[in-house]
Amino acid sequence: MAKQYWLFKAEPHIYGIDHLAAAPDKIGRWDGIRNYQARNFLRDQVKLGDEVFIYHSSCKNVGIVGTAKIIKTAYPDPTQFDPESDYYDPKSNRENPRWVSVDIQLTKIFTRLIPLAELKSHPALENMVLIKQSRLSTQPVSAQEWSTIHSLLK
DNA sequence: GCCAACGTTGGC
DNA sequence: GCCAACGTTGGC
């Protein structure tokens, strides 16, 4: 199956591209996803080698800040079992975990943040899930959108 | 901080 | 299964 592209949202003050850049081998666990639609993408469709835009949300400068690749596909998100975690889910259990994580490795920090407003104003991006459905934290990106967004950096 | 959009919960 | 109430996301 062909490589697919994704967009993952993060609140940079909690876990953003800087955290990923500072991690050993620039590898991080993408956890804390607690929305079924977003979970289903992670669990059922995200594959090894797929590429991902990292998007910063709920902050002063919202937009795409870089890219990463999938280095480990879905496995149970350990934070759901940890009562100390903000992402603890008492209704989940180890026999039948409700939530999953994937591991990603940073591939590029963009030379500039591409603001949401710029994405919204670009005609070729008007059908992006990001723009059509604003409240989805992991979402597919088409190959054309992937390429268009990279062209904005030049 | 406001508020629109939308997901979740729970009574019936 | 419906739907009102409530909670969360996320841009501005």
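Hydrogens, waters and symmetry mates play no part in the numbers below; they use all other heavy atoms, side chains included. Here is the naming used below: chain letters follow the sequence lines, and residue numbers restart at 1 for every chain.
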What's the closest nucleotide to the side chain of [X] if the choices are [options]?
{"X": "A:R135", "options": "B:dT8, C:dG11, C:dT9", "value": "C:dT9"}
{"X": "A:Y36", "options": "B:dT8, C:dG10, C:dC12", "value": "B:dT8"}
{"X": "A:K120", "options": "C:dC12, B:dG7, B:dT9", "value": "C:dC12"}

Rounded off to whole Å, could you give me the [atom1]-to-[atom2] distance for the [X] and [N] pair?
{"X": "A:I131", "N": "C:dG10", "atom1": "CD1", "atom2": "P", "result": "15 Å"}
{"X": "A:Q139", "N": "B:dG7", "atom1": "CD", "atom2": "P", "result": "13 Å"}
{"X": "A:L136", "N": "C:dG10", "atom1": "CG", "atom2": "C1'", "result": "13 Å"}
{"X": "A:L113", "N": "C:dG11", "atom1": "CG", "atom2": "P", "result": "11 Å"}
{"X": "A:N61", "N": "C:dG10", "atom1": "CG", "atom2": "P", "result": "17 Å"}
{"X": "A:L7", "N": "C:dG10", "atom1": "CG", "atom2": "C1'", "result": "14 Å"}
{"X": "A:I33", "N": "B:dT8", "atom1": "CD1", "atom2": "P", "result": "13 Å"}
{"X": "A:H13", "N": "C:dT9", "atom1": "NE2", "atom2": "P", "result": "11 Å"}

In terms of side-chain geometry, is the basic nitrogen of A:D89 or A:R98 positioned less than 4.0 Å from the acidic oxygen of its partner?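 Result for this pair is yes, salt bridge flagged.
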
So, A:H56 versus A:Y15, ring centres under 6.0 angstrom or not?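 No, too far apart.
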
Ring centers of A:Y36, A:W99 separated by less than 6.0 Å: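 Centroid distance A:Y36-A:W99: below 6.0 Å, so yes.
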
Does [X] make a side-chain N or O approach to OP1 or OP2 of [N] shorter than 4.0 Å?
{"X": "A:Y55", "N": "C:dT9", "value": "no"}
{"X": "A:K9", "N": "C:dT9", "value": "no"}
{"X": "A:K91", "N": "B:dT8", "value": "no"}

Side chains of A:Q4 and A:E51 only: does a donor on one sit below 3.5 Å from an acceptor on the other?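 No pair is found: no donor N or O on one side chain lies under 3.5 Å from an acceptor on the other.
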
Sugar-phosphate only, base, or nothing, as touched by A:S58 at under 4.0 Å among non-hydrogen atoms: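 Base contact - A:S58 has a heavy atom under 4.0 Å of at least one base atom.
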
Tell me whether the guanidinium CZ or amine NZ of A:K72 lies under 6.0 angstrom from the six-membered ring centre of A:Y75 and within 45° of its axis.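 Pair A:K72/A:Y75 counts as cation-pi.
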
